[in-house]
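For reference, the structure is listed below as C-alpha coordinates.
In listed order, ligands and their atoms are each counted from 1. Because only heavy atoms are used, hydrogens play no part in the values below, and waters and symmetry mates are left out as well, while side chains stay in.
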Amino acid sequence: MNQHASNQSASNQPASNHSSDIRDEVRAGFAALYGYQPTSTWSGPGRVNLIGEHTDYNEGFVLPFAINRRTVLAIGLRDDRMARVSSSFADGIVEIDLDDLAPENVHDWSAYPLGVAWALGQYGADLSTVTGFDIYLDSDVPVGAGLSSSAAIESAVALALDNVWDLGLDRRTLAKVGQLAENKAVGAPTGIMDQSASLLGQKDSAVFLDCRNLDSEIIELGLEAAGLVIAVIDTGVSHAHATGGYAERRASCELGASLLGVNSLREVSVGDLPRARELLDDVTFRRVRHVITENQRVLDTVRTLRESGPTAIGDLLDASHRSMRDDFEISIAELDLAVETALENGAIGARMTGGGFGGAAIALIPAESLSRLQVAIDGAFAEHGYGAPSTFVVNAAPGASREP
Ligand code: ADP
Ligand code: MG
(Lines give C-alpha, C1' and ligand atoms only; values in the text may rest on other atoms or scores of the structure.)
(Ligands and ions follow the chains in the order given, each with its own letter.)
Protein backbone atom coordinates (compact mmCIF):
# COMPACT_ATOMS: atom_id res chain seq x y z
CA MET A 1 0.00 0.00 0.00
CA ASN A 2 1.31 3.42 -0.84
CA GLN A 3 0.42 7.02 -0.38
CA HIS A 4 -2.03 8.02 -3.07
CA ALA A 5 -1.79 11.19 -5.05
CA SER A 6 -4.93 12.96 -3.93
CA ASN A 7 -5.76 16.46 -4.93
CA GLN A 8 -4.67 17.75 -1.55
CA SER A 9 -4.92 21.44 -2.31
CA ALA A 10 -8.70 21.19 -2.13
CA SER A 11 -8.83 18.98 0.92
CA ASN A 12 -9.93 21.29 3.66
CA GLN A 13 -12.29 23.57 1.84
CA PRO A 14 -15.83 22.98 0.72
CA ALA A 15 -15.77 21.99 -2.93
CA SER A 16 -18.69 24.29 -3.70
CA ASN A 17 -16.31 27.25 -3.40
CA HIS A 18 -14.27 26.15 -6.32
CA SER A 19 -16.50 24.01 -8.50
CA SER A 20 -17.07 27.00 -10.76
CA ASP A 21 -13.28 27.44 -10.92
CA ILE A 22 -12.98 23.81 -11.97
CA ARG A 23 -15.54 24.36 -14.72
CA ASP A 24 -13.66 27.38 -16.03
CA GLU A 25 -10.35 25.56 -15.81
CA VAL A 26 -11.76 22.57 -17.62
CA ARG A 27 -13.14 24.67 -20.48
CA ALA A 28 -9.86 26.58 -20.76
CA GLY A 29 -7.88 23.34 -20.59
CA PHE A 30 -10.03 21.84 -23.31
CA ALA A 31 -9.52 24.84 -25.62
CA ALA A 32 -5.76 24.91 -25.01
CA LEU A 33 -5.39 21.20 -25.72
CA TYR A 34 -7.75 20.69 -28.65
CA GLY A 35 -7.74 24.17 -30.20
CA TYR A 36 -11.49 24.82 -30.17
CA GLN A 37 -14.26 25.55 -27.66
CA PRO A 38 -16.14 22.61 -26.12
CA THR A 39 -19.86 22.23 -26.81
CA SER A 40 -20.91 21.30 -23.26
CA THR A 41 -19.66 20.72 -19.72
CA TRP A 42 -20.71 17.88 -17.39
CA SER A 43 -19.92 16.70 -13.90
CA GLY A 44 -20.18 13.53 -11.82
CA PRO A 45 -19.74 13.41 -8.04
CA GLY A 46 -17.75 11.05 -5.89
CA ARG A 47 -19.66 9.29 -3.15
CA VAL A 48 -19.49 8.36 0.48
CA ASN A 49 -21.16 5.21 1.64
CA LEU A 50 -22.99 5.94 4.87
CA ILE A 51 -23.52 2.24 5.56
CA GLY A 52 -23.77 -1.06 3.64
CA GLU A 53 -20.28 -2.25 2.76
CA HIS A 54 -19.55 -5.21 0.47
CA THR A 55 -23.28 -5.81 0.27
CA ASP A 56 -23.79 -4.55 -3.29
CA TYR A 57 -22.33 -7.54 -5.11
CA ASN A 58 -24.27 -9.80 -2.72
CA GLU A 59 -27.51 -8.28 -4.06
CA GLY A 60 -28.04 -6.54 -0.74
CA PHE A 61 -28.72 -3.02 0.51
CA VAL A 62 -26.52 0.08 0.49
CA LEU A 63 -27.02 3.66 1.62
CA PRO A 64 -24.49 5.94 -0.11
CA PHE A 65 -24.72 9.62 -0.92
CA ALA A 66 -23.18 11.69 -3.70
CA ILE A 67 -20.76 14.32 -2.38
CA ASN A 68 -19.81 17.89 -3.22
CA ARG A 69 -16.57 16.82 -4.87
CA ARG A 70 -16.84 16.22 -8.55
CA THR A 71 -15.15 15.26 -11.78
CA VAL A 72 -15.90 17.93 -14.35
CA LEU A 73 -15.45 17.36 -18.08
CA ALA A 74 -15.78 19.39 -21.23
CA ILE A 75 -16.73 17.64 -24.45
CA GLY A 76 -16.65 18.59 -28.12
CA LEU A 77 -17.89 16.56 -31.07
CA ARG A 78 -15.62 15.76 -33.99
CA ASP A 79 -16.52 15.12 -37.60
CA ASP A 80 -14.47 11.93 -37.76
CA ARG A 81 -14.52 8.68 -35.76
CA MET A 82 -11.73 9.41 -33.29
CA ALA A 83 -12.40 9.33 -29.54
CA ARG A 84 -9.84 11.41 -27.64
CA VAL A 85 -9.56 11.82 -23.85
CA SER A 86 -7.25 13.79 -21.61
CA SER A 87 -7.11 14.68 -17.93
CA SER A 88 -5.38 17.23 -15.75
CA PHE A 89 -4.10 14.16 -13.87
CA ALA A 90 -2.17 12.71 -16.82
CA ASP A 91 0.06 13.95 -19.62
CA GLY A 92 -0.98 13.85 -23.23
CA ILE A 93 -4.05 12.81 -25.16
CA VAL A 94 -5.18 9.20 -25.47
CA GLU A 95 -6.95 8.48 -28.72
CA ILE A 96 -8.65 5.53 -30.35
CA ASP A 97 -10.76 4.98 -33.45
CA LEU A 98 -14.33 4.14 -32.40
CA ASP A 99 -14.11 1.07 -34.65
CA ASP A 100 -11.34 -0.26 -32.42
CA LEU A 101 -13.12 0.29 -29.09
CA ALA A 102 -12.90 -2.90 -27.04
CA PRO A 103 -11.99 -3.67 -23.42
CA GLU A 104 -8.61 -5.06 -24.45
CA ASN A 105 -7.74 -1.91 -26.42
CA VAL A 106 -8.12 0.64 -23.61
CA HIS A 107 -5.51 1.10 -20.90
CA ASP A 108 -4.63 2.87 -17.65
CA TRP A 109 -6.80 5.82 -16.62
CA SER A 110 -8.31 6.14 -20.10
CA ALA A 111 -10.00 2.76 -19.61
CA TYR A 112 -12.58 4.59 -17.45
CA PRO A 113 -13.86 7.12 -20.03
CA LEU A 114 -13.20 4.99 -23.12
CA GLY A 115 -14.59 1.93 -21.33
CA VAL A 116 -17.81 3.87 -20.79
CA ALA A 117 -17.99 4.68 -24.51
CA TRP A 118 -17.58 0.97 -25.27
CA ALA A 119 -20.11 -0.06 -22.60
CA LEU A 120 -22.74 2.28 -24.05
CA GLY A 121 -22.47 0.13 -27.17
CA GLN A 122 -23.25 -2.92 -25.03
CA TYR A 123 -26.40 -1.17 -23.81
CA GLY A 124 -27.83 -0.42 -27.22
CA ALA A 125 -25.88 2.52 -28.68
CA ASP A 126 -24.97 1.86 -32.30
CA LEU A 127 -21.29 2.74 -32.12
CA SER A 128 -20.88 2.25 -35.88
CA THR A 129 -22.84 5.43 -36.61
CA VAL A 130 -21.92 7.84 -33.79
CA THR A 131 -19.42 10.69 -34.21
CA GLY A 132 -16.05 10.93 -32.50
CA PHE A 133 -15.45 13.25 -29.54
CA ASP A 134 -12.82 15.06 -27.52
CA ILE A 135 -13.01 15.08 -23.71
CA TYR A 136 -10.89 16.91 -21.18
CA LEU A 137 -11.50 16.43 -17.45
CA ASP A 138 -10.40 17.59 -14.04
CA SER A 139 -11.53 16.55 -10.56
CA ASP A 140 -11.42 17.42 -6.89
CA VAL A 141 -12.36 13.90 -5.80
CA PRO A 142 -9.32 12.41 -4.07
CA VAL A 143 -8.12 9.40 -6.09
CA GLY A 144 -7.97 6.00 -4.44
CA ALA A 145 -9.36 7.29 -1.14
CA GLY A 146 -12.53 5.24 -1.28
CA LEU A 147 -14.62 8.23 -2.41
CA SER A 148 -15.03 6.72 -5.86
CA SER A 149 -13.16 9.01 -8.17
CA SER A 150 -13.73 6.16 -10.64
CA ALA A 151 -17.53 6.41 -10.55
CA ALA A 152 -17.24 10.20 -10.73
CA ILE A 153 -15.54 9.87 -14.13
CA GLU A 154 -17.86 7.11 -15.31
CA SER A 155 -21.07 8.95 -14.48
CA ALA A 156 -19.91 12.25 -16.00
CA VAL A 157 -18.78 10.52 -19.21
CA ALA A 158 -21.88 8.33 -19.43
CA LEU A 159 -24.23 11.29 -19.02
CA ALA A 160 -22.26 13.43 -21.49
CA LEU A 161 -22.11 10.75 -24.22
CA ASP A 162 -25.74 9.77 -23.66
CA ASN A 163 -26.61 13.38 -24.41
CA VAL A 164 -24.30 14.17 -27.32
CA TRP A 165 -25.05 10.84 -28.97
CA ASP A 166 -28.76 11.29 -28.22
CA LEU A 167 -29.18 7.82 -26.72
CA GLY A 168 -31.96 8.52 -24.23
CA LEU A 169 -30.78 5.99 -21.63
CA ASP A 170 -32.09 6.43 -18.09
CA ARG A 171 -29.82 6.92 -15.08
CA ARG A 172 -30.17 3.37 -13.80
CA THR A 173 -28.96 2.09 -17.16
CA LEU A 174 -26.10 4.60 -17.16
CA ALA A 175 -25.08 3.23 -13.74
CA LYS A 176 -24.92 -0.26 -15.27
CA VAL A 177 -22.89 1.15 -18.15
CA GLY A 178 -20.35 2.55 -15.67
CA GLN A 179 -20.19 -0.73 -13.80
CA LEU A 180 -19.67 -2.70 -17.02
CA ALA A 181 -16.86 -0.34 -18.03
CA GLU A 182 -15.19 -0.77 -14.65
CA ASN A 183 -15.63 -4.56 -14.63
CA LYS A 184 -14.61 -5.29 -18.22
CA ALA A 185 -12.49 -2.38 -19.49
CA VAL A 186 -10.69 -1.56 -16.22
CA GLY A 187 -10.88 -5.10 -14.86
CA ALA A 188 -12.07 -4.19 -11.36
CA PRO A 189 -14.82 -6.52 -10.08
CA THR A 190 -16.86 -3.78 -8.39
CA GLY A 191 -20.60 -3.68 -7.69
CA ILE A 192 -23.24 -1.18 -8.74
CA MET A 193 -23.24 1.06 -5.65
CA ASP A 194 -20.76 3.76 -6.65
CA GLN A 195 -22.25 4.49 -10.05
CA SER A 196 -25.79 4.48 -8.62
CA ALA A 197 -24.87 7.00 -5.94
CA SER A 198 -23.06 9.19 -8.44
CA LEU A 199 -26.02 9.21 -10.83
CA LEU A 200 -29.03 9.12 -8.48
CA GLY A 201 -27.84 11.27 -5.55
CA GLN A 202 -29.81 14.29 -4.37
CA LYS A 203 -28.99 17.24 -2.16
CA ASP A 204 -28.98 16.52 1.60
CA SER A 205 -30.11 12.95 0.96
CA ALA A 206 -28.79 9.43 0.70
CA VAL A 207 -29.71 6.83 -1.92
CA PHE A 208 -31.21 3.69 -0.39
CA LEU A 209 -30.50 1.13 -3.05
CA ASP A 210 -31.64 -2.45 -3.34
CA CYS A 211 -28.86 -3.97 -5.41
CA ARG A 212 -31.00 -6.97 -6.36
CA ASN A 213 -33.35 -5.00 -8.62
CA LEU A 214 -31.82 -1.49 -8.45
CA ASP A 215 -34.95 -0.07 -6.84
CA SER A 216 -33.92 3.10 -5.10
CA GLU A 217 -35.42 5.52 -2.65
CA ILE A 218 -34.16 8.94 -1.63
CA ILE A 219 -33.74 9.18 2.16
CA GLU A 220 -33.40 12.61 3.71
CA LEU A 221 -30.39 12.83 6.01
CA GLY A 222 -31.47 15.86 8.03
CA LEU A 223 -27.91 16.62 9.11
CA GLU A 224 -28.14 20.38 9.20
CA ALA A 225 -31.30 20.46 11.29
CA ALA A 226 -29.57 18.16 13.77
CA GLY A 227 -26.41 20.31 13.84
CA LEU A 228 -24.35 17.44 12.50
CA VAL A 229 -21.78 17.05 9.74
CA ILE A 230 -20.13 14.06 8.16
CA ALA A 231 -16.37 14.32 8.21
CA VAL A 232 -14.22 12.22 5.91
CA ILE A 233 -10.87 11.18 7.32
CA ASP A 234 -8.73 10.21 4.36
CA THR A 235 -5.90 8.07 5.68
CA GLY A 236 -3.84 8.65 2.53
CA VAL A 237 -3.34 4.90 2.19
CA SER A 238 -4.37 3.85 -1.30
CA HIS A 239 -6.43 0.74 -1.92
CA ALA A 240 -6.22 -1.31 -5.10
CA HIS A 241 -9.58 -2.73 -6.16
CA ALA A 242 -8.46 -4.67 -9.17
CA THR A 243 -6.30 -6.99 -7.15
CA GLY A 244 -6.07 -8.86 -3.90
CA GLY A 245 -8.43 -8.53 -1.00
CA TYR A 246 -11.52 -7.22 -2.72
CA ALA A 247 -11.68 -10.12 -5.16
CA GLU A 248 -10.92 -12.57 -2.34
CA ARG A 249 -13.81 -11.26 -0.25
CA ARG A 250 -16.12 -11.58 -3.22
CA ALA A 251 -15.02 -15.17 -3.71
CA SER A 252 -15.68 -15.95 -0.01
CA CYS A 253 -19.20 -14.56 -0.33
CA GLU A 254 -19.84 -16.67 -3.41
CA LEU A 255 -18.53 -19.75 -1.64
CA GLY A 256 -20.69 -19.01 1.41
CA ALA A 257 -23.80 -18.58 -0.72
CA SER A 258 -23.23 -21.79 -2.63
CA LEU A 259 -22.59 -23.81 0.56
CA LEU A 260 -25.81 -22.38 1.99
CA GLY A 261 -27.66 -23.36 -1.18
CA VAL A 262 -28.66 -19.84 -2.23
CA ASN A 263 -27.87 -17.75 -5.29
CA SER A 264 -26.73 -14.76 -3.25
CA LEU A 265 -26.32 -13.84 0.41
CA ARG A 266 -29.33 -11.57 0.03
CA GLU A 267 -31.46 -14.68 0.40
CA VAL A 268 -30.28 -15.37 3.95
CA SER A 269 -30.85 -13.30 7.06
CA VAL A 270 -29.85 -13.04 10.70
CA GLY A 271 -32.04 -16.02 11.58
CA ASP A 272 -29.92 -18.23 9.30
CA LEU A 273 -26.68 -17.52 11.17
CA PRO A 274 -26.82 -20.62 13.43
CA ARG A 275 -27.18 -22.85 10.37
CA ALA A 276 -24.38 -20.98 8.62
CA ARG A 277 -22.14 -21.54 11.65
CA GLU A 278 -22.72 -25.31 11.30
CA LEU A 279 -22.11 -25.47 7.58
CA LEU A 280 -19.24 -23.06 7.00
CA ASP A 281 -15.60 -22.93 7.99
CA ASP A 282 -14.78 -20.14 10.43
CA VAL A 283 -13.43 -17.63 7.90
CA THR A 284 -16.28 -18.09 5.43
CA PHE A 285 -18.78 -17.90 8.29
CA ARG A 286 -17.40 -14.55 9.46
CA ARG A 287 -17.45 -13.15 5.91
CA VAL A 288 -21.07 -14.27 5.57
CA ARG A 289 -21.98 -12.89 9.00
CA HIS A 290 -20.66 -9.48 8.02
CA VAL A 291 -22.80 -9.36 4.89
CA ILE A 292 -25.95 -10.63 6.61
CA THR A 293 -25.68 -8.28 9.58
CA GLU A 294 -24.63 -5.35 7.39
CA ASN A 295 -27.76 -5.74 5.28
CA GLN A 296 -29.80 -5.60 8.48
CA ARG A 297 -27.89 -2.50 9.64
CA VAL A 298 -28.74 -0.70 6.39
CA LEU A 299 -32.44 -1.44 6.91
CA ASP A 300 -32.16 -0.34 10.54
CA THR A 301 -30.37 2.87 9.53
CA VAL A 302 -33.06 3.80 7.02
CA ARG A 303 -35.78 3.17 9.59
CA THR A 304 -33.90 5.09 12.29
CA LEU A 305 -33.28 8.08 10.01
CA ARG A 306 -36.98 8.24 9.26
CA GLU A 307 -38.18 7.76 12.82
CA SER A 308 -35.55 9.52 14.91
CA GLY A 309 -33.18 11.39 12.62
CA PRO A 310 -29.40 11.19 12.20
CA THR A 311 -28.43 11.61 15.87
CA ALA A 312 -29.75 8.09 16.47
CA ILE A 313 -27.66 6.16 13.91
CA GLY A 314 -24.29 6.33 15.69
CA ASP A 315 -24.40 2.82 17.14
CA LEU A 316 -25.20 1.34 13.75
CA LEU A 317 -22.15 3.03 12.21
CA ASP A 318 -19.96 1.76 15.05
CA ALA A 319 -21.29 -1.80 14.73
CA SER A 320 -20.64 -1.68 10.99
CA HIS A 321 -17.02 -0.75 11.59
CA ARG A 322 -16.50 -3.55 14.09
CA SER A 323 -18.01 -6.05 11.66
CA MET A 324 -15.66 -4.94 8.89
CA ARG A 325 -12.68 -4.97 11.23
CA ASP A 326 -13.31 -8.30 12.94
CA ASP A 327 -15.48 -10.40 10.61
CA PHE A 328 -14.75 -9.15 7.11
CA GLU A 329 -11.17 -8.13 7.96
CA ILE A 330 -10.89 -5.27 5.49
CA SER A 331 -9.86 -2.51 7.86
CA ILE A 332 -6.28 -1.40 8.43
CA ALA A 333 -4.56 0.12 11.47
CA GLU A 334 -4.89 3.66 10.12
CA LEU A 335 -8.65 3.29 9.63
CA ASP A 336 -9.10 1.77 13.10
CA LEU A 337 -7.13 4.64 14.61
CA ALA A 338 -9.20 7.20 12.72
CA VAL A 339 -12.44 5.63 13.99
CA GLU A 340 -11.26 5.31 17.61
CA THR A 341 -9.90 8.84 17.68
CA ALA A 342 -13.11 10.23 16.19
CA LEU A 343 -15.24 8.45 18.82
CA GLU A 344 -13.00 9.80 21.59
CA ASN A 345 -13.35 13.33 20.24
CA GLY A 346 -17.03 13.98 19.90
CA ALA A 347 -18.19 11.73 17.04
CA ILE A 348 -21.52 10.04 17.67
CA GLY A 349 -20.62 7.29 15.22
CA ALA A 350 -17.72 6.40 12.93
CA ARG A 351 -16.73 3.71 10.48
CA MET A 352 -14.39 2.98 7.64
CA THR A 353 -16.12 3.51 4.32
CA GLY A 354 -15.50 2.10 0.85
CA GLY A 355 -14.00 -1.21 -0.16
CA GLY A 356 -11.36 -1.29 2.57
CA PHE A 357 -7.61 -1.97 2.76
CA GLY A 358 -7.01 1.78 2.79
CA GLY A 359 -9.02 4.82 1.90
CA ALA A 360 -11.16 6.80 4.28
CA ALA A 361 -13.27 6.65 7.42
CA ILE A 362 -16.33 8.78 8.11
CA ALA A 363 -17.39 10.34 11.38
CA LEU A 364 -20.83 11.69 12.20
CA ILE A 365 -20.08 14.63 14.43
CA PRO A 366 -21.61 17.83 15.81
CA ALA A 367 -20.49 20.71 13.61
CA GLU A 368 -18.86 22.46 16.55
CA SER A 369 -16.62 19.47 17.31
CA LEU A 370 -15.03 19.41 13.87
CA SER A 371 -11.84 21.34 14.60
CA ARG A 372 -11.25 19.32 17.76
CA LEU A 373 -11.58 16.17 15.65
CA GLN A 374 -9.14 17.43 13.03
CA VAL A 375 -6.50 18.29 15.62
CA ALA A 376 -6.94 14.97 17.41
CA ILE A 377 -6.68 12.95 14.20
CA ASP A 378 -3.55 14.78 13.05
CA GLY A 379 -2.00 14.26 16.49
CA ALA A 380 -2.87 10.56 16.68
CA PHE A 381 -1.51 9.83 13.20
CA ALA A 382 1.73 11.71 13.92
CA GLU A 383 2.14 9.86 17.21
CA HIS A 384 1.85 6.52 15.42
CA GLY A 385 4.25 7.57 12.67
CA TYR A 386 1.55 7.35 9.98
CA GLY A 387 1.45 9.66 6.96
CA ALA A 388 -0.52 12.89 7.39
CA PRO A 389 -4.27 12.28 7.04
CA SER A 390 -6.69 14.78 5.62
CA THR A 391 -9.98 15.48 7.36
CA PHE A 392 -12.76 17.39 5.63
CA VAL A 393 -16.53 17.74 5.65
CA VAL A 394 -18.65 16.39 2.81
CA ASN A 395 -22.18 17.45 1.98
CA ALA A 396 -24.75 15.26 0.27
CA ALA A 397 -24.95 16.69 -3.26
CA PRO A 398 -26.92 16.10 -6.46
CA GLY A 399 -25.87 13.36 -8.88
CA ALA A 400 -24.20 13.80 -12.26
CA SER A 401 -25.42 16.81 -14.16
CA ARG A 402 -24.94 19.13 -17.07
CA GLU A 403 -23.07 22.23 -15.95
CA PRO A 404 -24.10 25.73 -17.02
P1 ADP B 1 -11.47 5.33 -6.13
O2 ADP B 1 -12.63 5.12 -7.04
O3 ADP B 1 -11.71 4.84 -4.75
O4 ADP B 1 -10.97 6.74 -6.11
P5 ADP B 1 -10.28 3.50 -7.99
O6 ADP B 1 -9.04 2.69 -7.93
O7 ADP B 1 -11.57 2.80 -8.16
O8 ADP B 1 -10.28 4.44 -6.69
O9 ADP B 1 -10.17 4.55 -9.17
C10 ADP B 1 -9.05 5.40 -9.25
C11 ADP B 1 -8.56 5.44 -10.68
O12 ADP B 1 -9.49 6.20 -11.47
C13 ADP B 1 -7.23 6.16 -10.83
O14 ADP B 1 -6.16 5.29 -10.64
C15 ADP B 1 -7.31 6.66 -12.28
O16 ADP B 1 -6.99 5.63 -13.17
C17 ADP B 1 -8.78 6.96 -12.43
N18 ADP B 1 -9.07 8.37 -12.16
C19 ADP B 1 -9.80 8.89 -11.16
N20 ADP B 1 -9.90 10.24 -11.25
C21 ADP B 1 -9.18 10.59 -12.35
C22 ADP B 1 -8.89 11.82 -13.02
N23 ADP B 1 -9.36 12.99 -12.57
N24 ADP B 1 -8.13 11.77 -14.16
C25 ADP B 1 -7.68 10.60 -14.61
N26 ADP B 1 -7.92 9.41 -14.05
C27 ADP B 1 -8.66 9.38 -12.94
MG1 MG C 1 -13.46 3.21 -7.49
Side-chain angles (χ1 to χ4, degrees), residues 1-11 15 19 22-23 25-26 29-30 33 42-49 53-54 56-57 62 64 66-67 69-74 84-94 106-116 135-157 175 178-183 185-199 232 234-247 330 335 352-362 390 394 400:
M1 283 182 247
N2 50 328
Q3 292 294 114
H4 63 76
S6 73
N7 196 354
Q8 294 289 353
S9 63
S11 294
S19 64
I22 291 195
R23 290 196 296 255
E25 275 168 31
V26 164
F30 181 101
L33 208 57
W42 303 81
S43 74
R47 64 97 189 90
V48 158
N49 191 19
E53 221 66 78
H54 287 259
D56 63 348
Y57 55 79
V62 293
I67 59 175
R69 284 174 173 250
R70 305 178 81 85
T71 288
V72 178
L73 70 81
R84 303 200 292 177
V85 294
S86 56
S87 162
S88 63
F89 285 42
D91 289 331
I93 298 172
V94 180
V106 295
H107 308 288
D108 305 319
W109 80 270
S110 72
Y112 292 89
L114 295 174
V116 166
I135 279 178
Y136 174 74
L137 60 87
D138 192 1
S139 180
D140 66 359
V141 186
V143 173
L147 302 184
S148 208
S149 65
S150 54
I153 297 195
E154 289 153 9
S155 66
V157 172
Q179 186 195 14
L180 185 65
E182 190 147 347
N183 291 169
V186 177
T190 53
I192 189 73
M193 168 173 68
D194 298 356
Q195 297 81 5
S196 300
S198 185
L199 280 152
V232 169
D234 177 3
T235 63
V237 181
S238 183
H239 65 79
H241 263 170
T243 51
Y246 187 95
I330 55 172
L335 288 167
M352 55 150 284
T353 184
F357 308 105
I362 55 170
S390 141
V394 287

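Here the rule is side-chain contact (heavy atoms from CB on, under 4.5 Å) with Ser87, and of Ile153, Asp138, Val26, Leu137 only Leu137 fits it.
Of all atoms in ligand 1, listed by their number and element, those nearer than 4.0 Å to a heavy atom of Gly144 are 1 (P), 3 (O), 4 (O), 8 (O). Annotation for ligand 1: atoms under 4.0 Å from non-hydrogen atoms of Leu137 are 22 (C), 23 (N), 24 (N). Taking every non-hydrogen atom of Ser139 and a distance limit under 4.0 Å, the qualifying atoms of ligand 1 come out as 23 (N).
In summary, an N, O or S atom of Ser150 is located under 2.8 Å from the Mg ion (ligand 2).
Residues satisfying the side-chain contact (heavy atoms from CB on, under 4.5 Å) criterion with Ser43, sequence neighbours excluded, are Arg70, Val72, Ser401, Glu403. Residues meeting the ring-ring contact (aromatic ring centres under 6.0 Å, His included) test with Phe30, sequence neighbours left out: Tyr34, Tyr36.
Looking at Ser87 against ligand 1, only its side chain comes within 4.0 Å, counting heavy atoms. By the criterion of a heavy-atom distance under 4.0 Å, the side chain of Phe89, and not its backbone, is placed next to ligand 1. Residue contacts with ligand 1 for Thr71 are absent, since no atom lies close enough (heavy atoms, distance under 4.0 Å). With a 4.0 Å heavy-atom cut-off, ligand 1 is reached by the side chain of Ile153 but not by its N, CA, C or O.
Under a 4.0 angstrom heavy-atom cut-off, Ala90 registers as lying outside contact with ligand 1.
Looking at every heavy atom in both residues, Gly358 comes nearest to Leu335 through O-CD1, 3.4 Å. Here the closest heavy-atom approach between residue Ala152 and residue Ser198 is recorded as CA-OG, 4.1 Å.
When Gly146, Ser150, Ala360 are ranked by how near their heavy atoms come to atom 2 (O) of ligand 1, first place goes to Ser150.
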Q.
side-chain contact (heavy atoms from CB on, under 4.5 Å), that's the test. Do Ile330 and Met352 meet it? Break it down for me.
A. CA-CA 9 Å; Ile330 55 172; Met352 55 150 284; 3.9 Å; yes
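Side-chain contact between Arg69 and Pro142 is present, with at least one heavy-atom pair separated by less than 4.5 Å.
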